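It should be emphasised that the depicted structure is a prediction, and the values quoted were computed from it without experimental measurement.
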Amino acid sequence: MHAKKVVKRNGVVVDFDREILERSLLRSGAERDLAHRVALDVEKLVRDGDSTSVVYKKAFEMLYERARSVAMRYSLKKALFNFGPTGFPFEKFVAELFRRKGYATQTNVHMRGGCITHEVDVLAIASDRVAMEIKFHNDMHIRSDVKSVLYVKARFDDLLGRTGSTFSFRKKGVVDRCVLVTNTKFTKNALAYAECAGVSLLGWGYPFRHNLQSFVQEVDAHPVTCLPSLSLSLMRGLFSEGVVTCKGLLERDDLLRGLPNTDAIVSEAKMLCRPGGQR
């Protein structure tokens with residue numbers, strides 16, 4: 001029996017690999033037996049020539065029937081793209097992740113470097129001062145390339161090298177480090193240059209242990225875009241109110257009262273906010 005072929009979003013045709021699907025389900029928090037059964041069921045339903053988006057949809061639907069919190073976690077990668085098309089809500093989301101890790105955060109901060117003034121997408125302050133450049137993509141197949149890392153390196157060298165900080169506790173520079181954050185992956189050259197030049201990167205699957213998805217899980221701050229009961233128009237309404245995480249939504253009784261399907265939304269949000277994601 002030949003392997004079924006599926007088509008990736010970029011048009012590349014590959015063999016359907018049940019083990020890859022199963023591993024992605026396990027990373028989303030599915031129990032091993034559940035991940036195995038869902039992967040087997042999807043394999044039976046997938047037809048030659050189906051797109052990977054069809055595979056994802058089938059897996060999500062089966063998970064949602066059996067373990068809704070796992071299904072919503074499984075949707076995280078896709079959910080991050082619903083912060084588009086501008087990407088400004090994604091900047092707020094990154095700021096919220098760092099805030100829940102104990103940083104004071106600001107977005108769109110103008111900071112004077114040694115040569116010019118720079119607009120920093122996110123500034124996070126705790127024991128260190130972290131300046132972030134946020135690179136949002138509307139297509140998961142677009143990777144942040146070396147030009148983005150070079151750009152960040154040049155900009156933040158100006159900030160890192162500035163003397164005479166306005167902050168009395170600092171001896172040199174207005175920031176301690178810079179981070180390039182993206183909702184997708186990085187090219188090989190971007191990774192190589194960043195490691196050599198000392199630019200920190202945070203993206204999908206990178207770094208291996210402390211990446212964007214593990215950060216979300218660590219601070220228990222899943223985006224509202226994971227909630228199936230929220231329409232795109234409702235999501236954008238929440239963005240305009242500065243609400244980008246499920247925890248943030250549950251903290252806003254005033255907004256919850258105005259939603260058309262509050263009970264379903266609250267139920268889903270609470271599932272994502274529970275430790276371990278129990279049903």
Side-chain angles (χ1 to χ4, degrees), residues 1-85 90 135-145 182-191 203-209 211-217 222-232 235 268 271-272 276-279:
M1 181 175 164
H2 75 282
K4 295 178 180 179
K5 304 291 184 180
V6 292
V7 183
K8 299 174 72 172
R9 191 169 178 179
N10 60 3
V12 175
V13 178
V14 297
D15 289 341
F16 172 80
D17 192 324
R18 190 185 71 235
E19 291 185 358
I20 291 178
L21 174 59
E22 193 168 328
R23 287 197 295 271
S24 70
L25 297 172
L26 288 170
R27 287 194 297 270
S28 299
E31 298 290 340
R32 188 166 297 278
D33 181 60
L34 174 62
H36 182 65
R37 284 187 287 111
V38 168
L40 281 174
D41 289 344
V42 170
E43 184 177 37
K44 293 174 186 175
L45 293 174
V46 167
R47 299 174 298 181
D48 264 330
D50 275 349
S51 65
T52 50
S53 61
V54 169
V55 174
Y56 162 81
K57 184 179 180 181
K58 292 181 187 298
F60 177 83
E61 289 172 349
M62 290 180 186
L63 275 177
Y64 195 74
E65 290 174 358
R66 305 171 192 184
R68 283 185 289 169
S69 62
V70 176
M72 288 185 284
R73 284 177 166 80
Y74 179 62
S75 74
L76 176 60
K77 185 175 184 179
K78 181 176 181 291
L80 293 176
F81 293 93
N82 284 333
F83 280 130
F90 183 62
K135 194 73 174 177
F136 179 84
H137 298 290
N138 285 299
D139 186 334
M140 68 179 66
H141 295 292
I142 298 176
R143 301 191 176 207
S144 291
D145 60 19
T182 185
N183 60 322
T184 60
K185 296 183 177 182
F186 300 96
T187 64
K188 289 182 179 179
N189 278 344
L191 295 174
W204 189 262
Y206 190 87
F208 180 71
R209 295 190 182 278
N211 47 56
L212 186 58
Q213 56 266 51
S214 65
F215 198 162
V216 170
Q217 293 164 3
H222 280 73
V224 292
T225 50
C226 282
L227 303 177
S229 293
L230 269 181
S231 66
L232 190 57
M235 287 179 195
E268 291 171 352
M271 285 181 189
L272 281 177
Q278 298 98 332
R279 284 184 77 178

Which residues pass the side chain to side chain donor-acceptor pair (under 3.5 Å) test with T187, sequence neighbours left out? none
Quick one: do K5 and D15 make a salt bridge, cutoff under 4.0 Å? yes
Using a strict threshold of under 4.0 Å (side-chain N to carboxylate O), is an ion pair present between R37 and D33? yes
Search all heavy atoms of [X] against all heavy atoms of [Y] and return the closest pair with its distance.
{"X": "F208", "Y": "N211", "value": "O-ND2, 2.9 Å"}
{"X": "L80", "Y": "F136", "value": "O-CE1, 3.3 Å"}
{"X": "E268", "Y": "M72", "value": "O-CE, 3.5 Å"}
{"X": "S214", "Y": "R209", "value": "OG-O, 3.1 Å"}
{"X": "S144", "Y": "A190", "value": "O-CB, 3.6 Å"}
{"X": "S24", "Y": "Y74", "value": "OG-CE1, 3.6 Å"}

side-chain contact (heavy atoms from CB on, under 4.5 Å) between E19 and R23, intermediate numbers included: CA-CA 6 Å; E19 291 185 358; R23 287 197 295 271; 4.0 Å; yes
Taking the side chain as C-beta and beyond, is there a heavy-atom pair between [X] and [Y] under 4.5 Å?
{"X": "R73", "Y": "C226", "value": "no"}
{"X": "L230", "Y": "T225", "value": "no"}
{"X": "L227", "Y": "L272", "value": "yes"}

So, taking the atom named [atom1] in [X] and the one named [atom2] in [Y], what distance separates them when rounded to the nearest 0.5 Å?
{"X": "Q213", "Y": "H222", "atom1": "CD", "atom2": "NE2", "answer": "10.0 Å"}
{"X": "R27", "Y": "E22", "atom1": "CZ", "atom2": "CD", "answer": "11.5 Å"}
{"X": "L212", "Y": "Q217", "atom1": "CG", "atom2": "CD", "answer": "10.0 Å"}
{"X": "H137", "Y": "R143", "atom1": "NE2", "atom2": "CZ", "answer": "10.5 Å"}

Can you list the residues that meet the side-chain contact (heavy atoms from CB on, under 4.5 Å) rule with F81, with sequence neighbours excluded? K77, M140, N183, T184
Mind listing the side-chain donor-acceptor pairs of residues 51-59 below 3.5 Å, one per line with the distance, residues two or more places apart or on another chain?
from : atom 1 : to  : atom 2 : distance (Å)
S51  : OG     : S53 : OG     : 2.7
S51  : OG     : V54 : N      : 3.2

Under the side-chain contact (heavy atoms from CB on, under 4.5 Å) rule, what do F90 and T182 come out as? Steps first, then yes or no, please. CA-CA 9 Å; F90 183 62; T182 185; 5.8 Å; no
Among all residues two or more places apart in sequence or in another chain, which pass the ring-ring contact (aromatic ring centres under 6.0 Å, His included) test with F83? F93, F239
Mind checking ring-ring contact (aromatic ring centres under 6.0 Å, His included) for F215 and listing every partner two or more places apart, or none if nothing turns up? F98
Identify the residue among L25, L21, L63 that makes a side chain to side chain contact (heavy atoms under 4.5 Å, CB included) with V42. L21
Got a donor-acceptor contact below 3.5 angstrom from the R32 side chain to the L26 backbone? no
K8: what forms a salt bridge (Lys or Arg N to Asp or Glu O under 4.0 Å) with it, not counting sequence neighbours? none
Verdict with reasoning, D41 to L45, per side-chain contact (heavy atoms from CB on, under 4.5 Å): CA-CA 7 Å; D41 289 344; L45 293 174; 5.5 Å; no
